[in-house]
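Side chains are part of it too, since the values below use all heavy atoms of this structure and drop only hydrogens, waters and symmetry mates.
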Amino acid sequence: MNRQLLYMRLFIATVATLFIVACASMGRPEGGPRDETPPVFVGSKPAPGATNVNTQRILISFNENVQVKDVMTKVVVSPPQKSMPKVSAVGRQVRIEMADTLLPNTTYTVDFSDAISDLNESNELEGFSFAFSTGPTIDSLEISGMVFQASNLEPAQGMLVGVYSNLSDTAITTVPFDRITRTNQYGQFTIRNLAPGTYRIFAVNDVNRDNKWDRSEDVAFYPELITPSASPVEVADTLLSATGEDSIVMRQATAFAPADILLTWFNEDYKPQYISKYERRGRNRIYLEFGAPCVEMPRVSFVGGPADGERIDRYVALNSSHTLDTLDYWIADSSFMMLDSMRLAVSYQKQDSLENLVWTTDTLNFNYRAPKGDKKKDDKKKKKDDEQADSAATPKIELLQLNHNLSATVDVFSPVVIKSSQPLVEFKPEMIHLEQMVDTVWNEIEMNALAMTDSLRPMQLTTEVAWQPGGRYRLTIDSLAMTGIYGLWNCPMKSEFSVRALGDYSNLTFNLSGVDGPAIVELLSSNDAPVRTVSVEGGRAVFRHVMPGTYYARLFIDRDSNGVYTNGKLQENRLPEDVYYYPKKLNLKKNWDVSQDWNLYETPVELQKPIDIKKNKPKVKKTDRNGRGNGTDDDDEYDDDQYYDEFGNPAVDPNDPFGKKKNSRYNTLNGRDRNYGTQGAGYR
């Protein structure tokens, strides 16, 4: 009994002790500031910049546990490797296992971009790279710059940038780059550890990962040779004292040049030419589709039969695209229409192995197969048709179908466009009437004659009309006004509509400076899509009758004067046409006349495109009103990283244009040299 009492007392004492210890234990404090500091490099094996390295394994240590993300897309090794090294994170170390045998007397660079981050908070270490040499010296020159999409100035994120010491024009298509890197989220790049010499530089969207360019891939090139250099300079640093005051100190550094190379990528839209699709669309239509636009109209001829060798042109009506890559033939001759099988020879131009255009001929079979219907439905339809025939019902007359572009309200600059359901062989202008209401009375007005839009589109008529703003109109098309290729005519149609008043519009004028040569200005929607286009005349671009709303603007130098934007051509060493953005948004209101001055070179090219319509936006860390970052792009009202210009537009801090302090900026020079910057410099 005494022993049981002793055990009971010991148990109670143990429980009480554990309870007291638990109450006294210290937990992790909540609500503290979030860690926003990226990992810090503390050491490596071999050392950074080591020479005479003969190991395949590299260990890089940091001050906290780390992770490496997106190794295949972000980590780049120079010179390019045939087999990608194995890169992994273990605790506070990043381990690199080189798969290829190291070359003698070669400087290697492992460029991580922003792949390394701490394990807990994912704070990214941007721009980290590691270099070593297998020889007695290490190359140390650098080339820096930015890459944009040529047509819309979008920063090129994750694009491969490389150099060749082989200055042959064919090097980019035949051998891998000498040294490579990738652009970061701002489109910036730095090719490090270059040997002295002269180089060509390119950017490539290397889809097949062969470290060179294939014609279907995006590409950018610099039209001049580059010779990197380094020179000692004295730079200013800002230090923050313990009291919170800034102080300026000077230090010695090395300036690397060039550091402001601007590359604008494009795609040659190269497509191999071949017949990608052909079919018989019913008895009366033959359809051809090509893999690329045709330079000349293809020649189509009969093979076999009574018309053997004849061109089909006299027996058909052609409805085609402007680029001749789709050809829709409507057969007009009933004897050919009733053939179940038709054999045609299609001759067209395509590139040979030397990229020369040569004529080639494909022989194709076009077979008609009657559609297979549901037997029950067919029997039911036949029974219904028989009943209608027995009751002497009026047969349904097939008519030519018409439609037009005139809605209830039309713009003052809208043309009249009428489309038919089949190619037209005749239309009678005197049977098409346009009336305007004047004092409640419809008065017929003279209208410019309707005409085929062009010879390739025989199913569309168009004409321009000088509309009276605010007027009310009626379009009437009499029956039998138009006749189709199969003898069908239209039924009568009548449409009433109003034209917008001038007070519903805004007028916009750009007063341009810095334009050298022909130029086109595009008014853009919030989706960066062209809404209206005008030519620059006398230093002005005038947009009349613009609907109220928010717009943006883009200009391109129309070097070939063809009125449309023209991409570059690498093999011809032809750069894409230069593009500039008006750096502010435009809020147009009813009955406003807006005039804006636009100097193409006042704003550096990398800052021109408004952030609101930029698709490749850099990642931004948000902060709440207590200054705690959550690392997300949520709906917090406060965003300490956002900078706004004097017009209230989101913009990049002009003193910090790349989202982080840097001692160089990219500057636009003059129109001819916008791609040949020489003012910036990178420092170390």
Side-chain angles (χ1 to χ4, degrees), residues 282-285 297 312-322 326-334 336-337 394-502 504-505 544-545:
R283 285 195 175 277
N284 64 329
R285 291 171 67 188
M297 176 67 73
I312 69 169
D313 302 43
R314 58 177 292 196
Y315 302 103
V316 299
L318 172 62
N319 188 49
S320 170
S321 64
H322 282 296
T326 60
L327 306 177
D328 194 5
Y329 292 99
W330 293 67
I331 303 173
D333 191 297
S334 59
F336 290 103
M337 195 184 305
T394 303
K396 183 179 179 180
I397 299 175
E398 188 177 357
L399 295 169
L400 181 70
Q401 301 299 313
L402 301 178
N403 61 68
H404 56 71
N405 66 323
L406 303 172
S407 57
T409 304
V410 303
D411 287 303
V412 295
F413 52 81
S414 291
V416 175
V417 179
I418 299 173
K419 295 182 179 180
S420 66
S421 58
Q422 60 185 238
L424 297 172
V425 295
E426 183 184 15
F427 65 92
K428 301 173 182 177
E430 68 274 11
M431 301 181 73
I432 302 171
H433 313 279
L434 183 63
E435 300 168 285
Q436 182 179 6
M437 180 176 283
V438 180
D439 297 330
T440 71
V441 178
W442 289 109
N443 294 328
E444 186 162 356
I445 62 175
E446 187 175 347
M447 180 176 64
N448 295 329
L450 283 163
M452 294 283 184
T453 302
D454 57 55
S455 60
L456 295 175
R457 289 188 281 181
M459 299 169 66
Q460 180 171 299
L461 303 172
T462 186
T463 188
E464 299 288 338
V465 178
W467 303 112
Q468 179 69 39
R472 184 159 185 79
Y473 291 85
R474 181 168 67 185
L475 177 70
T476 303
I477 302 177
D478 298 338
S479 61
L480 306 178
M482 301 185 189
T483 306
I485 192 175
Y486 302 119
L488 302 181
W489 62 85
N490 65 288
C491 65
M493 65 183 299
K494 186 179 294 185
S495 300
E496 294 184 14
F497 53 92
S498 298
V499 177
R500 296 187 190 277
L502 292 182
D504 292 339
Y505 295 104
R544 301 192 185 280
H545 309 134

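Looking only at distances, no side-chain donor or acceptor of Gln436 sits under 3.5 Å from a matching main-chain atom of Gly471. Formation of a donor-acceptor pair under 3.5 Å by the Asp333 side chain with backbone atoms of Tyr315 is not found in this model. Checking side-chain atoms of Asn490 against main-chain N and O of Asp478 turns up a donor-acceptor pair under 3.5 Å. Between the side chain of Asp454 and the backbone N or O of Leu456 there is at least one donor-acceptor pair closer than 3.5 Å. In this structure, Asn405 contributes its side chain and Val417 its backbone to a donor-acceptor pair below 3.5 Å. No side-chain donor-acceptor contact under 3.5 Å links Tyr486 to the backbone of Gln422. Using modelled atom types, no side-chain atom of Trp330 and backbone atom of Asn319 make a donor-acceptor pair closer than 3.5 Å. Panel note: side chain Gln401, backbone Ser421; no donor-acceptor pair is recorded below 3.5 Å.
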Evaluation steps, side-chain contact (heavy atoms from CB on, under 4.5 Å), between Leu400 and Thr483: CA-CA 7 Å; Leu400 181 70; Thr483 306; 6.0 Å; no
Residues Arg283, Ile331; criterion side-chain contact (heavy atoms from CB on, under 4.5 Å); working and verdict: CA-CA 8 Å; Arg283 285 195 175 277; Ile331 303 173; over 6 Å; no
Test log, rule side-chain contact (heavy atoms from CB on, under 4.5 Å), inputs His404 and Met493: CA-CA 10 Å; His404 56 71; Met493 65 183 299; 3.5 Å; yes
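Atoms CE and NZ, on Met459 and Lys419 in that order, are 9.5 Å from each other to the nearest 0.5 Å. From Phe427, atom CZ reaches atom CG of Leu450 across 6.5 Å, with rounding to the nearest 0.5 Å. For the atom pair OG1 of Thr326 and NE2 of His322, the computed distance is 10.5 Å after rounding to the nearest 0.5 Å.
Side-chain contact of Arg474 with His433: a donor-acceptor pair under 3.5 Å is absent, judged by distance alone.
Between Ala481 and Met431 the shortest heavy-atom distance is CB-CB, 3.7 Å. Counting all heavy atoms, side chain and backbone alike, Ala332 lies closest to Ile485 at CB-CD1, 3.7 Å. Shown here for Cys491 and Leu399, the closest heavy-atom pair between the two residues is CB-CD1, 3.6 Å. Annotation for Arg472 and Trp442: closest pair O-CZ3, 3.7 Å, computed over non-hydrogen atoms. Heavy atoms only, all atoms of each residue included: Leu488 and Glu398 are closest at CD2-O, 3.5 Å. When all heavy atoms of Asn448 and Thr463 are compared, the pair lying nearest together is O-OG1, 3.0 Å.
Side-chain contact between Arg544 and Val412: absent, with no pair of heavy atoms (C-beta onward) separated by less than 4.5 Å. With a 4.5 Å cut-off on side-chain heavy atoms, Ile418 and Ile477 count as touching. Using a 4.5 Å heavy-atom threshold, the side chains of Leu424 and Pro458 count as separate. Residues His545 and Asp411 fail the side-chain proximity criterion, which asks for heavy atoms closer than 4.5 Å.
Around the CD atom of Glu430, the shell of radius 6.0 Å holds more than 12 heavy atoms that belong to other residues, nucleotides or ligands.
Ring geometry for Phe497 versus Tyr473: interplanar angle under 30°, hence parallel rather than tilted (30 to 60°).
For Asp313, the salt bridge (Lys or Arg N to Asp or Glu O under 4.0 Å) test picks out Arg311, with sequence neighbours left out. Judged as a side-chain hydrogen bond (donor to acceptor under 3.5 Å, both in side chains), and not counting sequence neighbours, the contacts of Asp328 are Arg285.
For the pairing with Glu435, the side-chain contact (heavy atoms from CB on, under 4.5 Å) check across Leu475, Val441, Thr476 returns one residue only, Thr476.
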